[in-house]
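The structure appears right after this line, and notes come after that.
First the proteins, then the strands, lettered A, B, ... as listed; each starts at 1. Just so it is clear, the structure is predicted and the values come from calculations on it, not from any experiment.
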2 protein chains.
Amino acid sequence: MDIQLKRGLLDVCVLAAIGDSDAYGYQIIKDISPHVEITQSTLYPILRRLEEADCLSVRSEEYNGRLRKYYRVTPAGKSRIKEFKQDWAEIQEIYSFIAERTQAT
Amino acid sequence: MDIQLKRGLLDVCVLAAIGDSDAYGYQIIKDISPHVEITQSTLYPILRRLEEADCLSVRSEEYNGRLRKYYRVTPAGKSRIKEFKQDWAEIQEIYSFIAERTQAT
DNA sequence: CATAATACTATGCGGTGTATAGTATTATGC
DNA sequence: GCATAATACTATACACCGCATAGTATTATG
């Protein structure tokens, strides 16, 4: 699939995947993977970006000697999702524009 | 609107806007603008990219002393549109994933 | 006669997906 | 018992693309 199409979707995907739970990176990858292709090198930067934007709050905890970072969606994160849904209406219109003009194709 | 969401859509928008006609840059901007925000600094690089990818064929012609480049969608361009439509089905699924997990939001 | 519209070109920035590589622990299979 | 896989993170570096900015040059308009 064209990479560019996924841009802007992934951030919200991660927020949606975390939902109301307390999730950590590796778990999120496993959760999302069946639905959307995502690797560590994609996810971890996203998590850091979302944290910097205050869309996620983070709590570090040790689990079996390994450090785990648990993420939780903040109110700002929920607003982000809401905005995304509004944007999506516009995206749909753009798609309609394309679909209408390429019926024969 | 989030810029990232538009990525990957614009290329196909341009192909769709040209359709079966013989269009030039400035005209395309005027055609698309009511539906999708697009400026010269966005469109012209897109046209060059699509040309390099053989999705567009180009013919230069003088019009009132000004040089005009007329673009036409090639078979490869039409394939590109077809692929996009297939990709869109996947994108819709990703959106569903998000929508389902954020009903309360 | 100035301003707007037309129609291109070129440069550079910033955001982001991802490849690659590194570190370190625990669980599993032969 | 030891290699391999799974777990769980970090850091660096590249390529793509939307867009801002700026420049050039002609034609149409008030």
Touch class at under 4.0 angstrom, heavy-atom based, for R68(A) against every strand present = sugar-phosphate
For this session: Output yes when at least one side-chain N/O atom of K30(A) is less than 4.0 Å from OP1 or OP2 of dT7(D), else no.
Result: yes
Side-chain heavy atoms of F84(A) within contact of L9(A), under 4.5 Å: yes
Rounded to whole Å, the CD1-P distance (I91(B) to dG17(C)) equals 12 Å
Contacts of Y63(A) and D2(A) projected onto DNA chain D by closest heavy atom; the upstream (5') one is Y63(A)
Quiz item: Any side-chain N or O of K69(B) under 4.0 Å from OP1/OP2 of dT9(C)?
Solution: yes
To the nearest angstrom, the OH-C1' distance between Y44(B) and dG18(D) comes to 16 Å
Side-chain atoms of R7(B) come closest, of dT21(D), dC8(C), dC16(D), to dC16(D)
Go through the N and O atoms of the side chain of R49(B) and the base of dC16(D), and report whether any donor-acceptor pair is under 3.5 Å.
-> no
Taken to the nearest whole Å, CD1/I3(A) to P/dC17(D) is 8 Å
From CD1 of I28(B) across to C1' of dT6(C) the rounded distance in Å is 14 Å
When rounded to whole Å, the CG to C1' distance for the pair L47(B) and dC17(D) reads 14 Å
Here the distance between atom C1' of dG18(D) and atom CD1 of I32(B), to the nearest Å, is 14 Å
In Watson-Crick or G-U wobble terms, with both distances under 3.5 Å, the base opposite dA28(D) is dT3(C)
Q) Salt bridge or not for D11(B) and R80(B), using N-O below 4.0 Å? A) yes
Between CD1 of I46(A) and C1' of dT10(D) the distance, given in whole Å, is 16 Å
Fill in: Sub-4.5 Å side-chain heavy-atom contact between V36(B) and E90(A)
no
Result for 5'-nearest mapping on DNA chain C, choosing between T42(A) and L67(B), is L67(B)
From the candidates dA8(D), dT18(C), dA5(C), the one with an atom nearest any side-chain atom of S41(A) is dT18(C)
Using side-chain heavy atoms (C-beta onward) and a distance below 4.5 Å, is I28(A) in contact with L47(A)?
yes
### Message
Using a heavy-atom cut-off of 4.0 Å across all strands, would you classify Q40(A) as base, sugar-phosphate, or nothing?
### Response
base
Margin query: So I46(A) and T42(A), do their side chains get closer than 4.5 Å, heavy atoms only?
Written below: yes
Which of dT25(C), dA6(D), dA11(D) is nearest the side chain of R66(A)? It is dT25(C)
Assert: residue with more 5' nearest nucleotide on DNA chain C, out of D11(A) and Q27(B), is Q27(B)
Separation of dA6(D) atom C1' from Y24(A) atom OH, nearest Å, is 11 Å
**Prompt:** Using a cut-off of 4.0 Å on non-hydrogen atoms, how would the nucleic acid contact of I38(A) be classed: base, sugar-phosphate, or nothing?
**Reply:** nothing
Quick one, R7(A) and K6(B) - any side-chain contact, counting heavy atoms below 4.5 Å? no
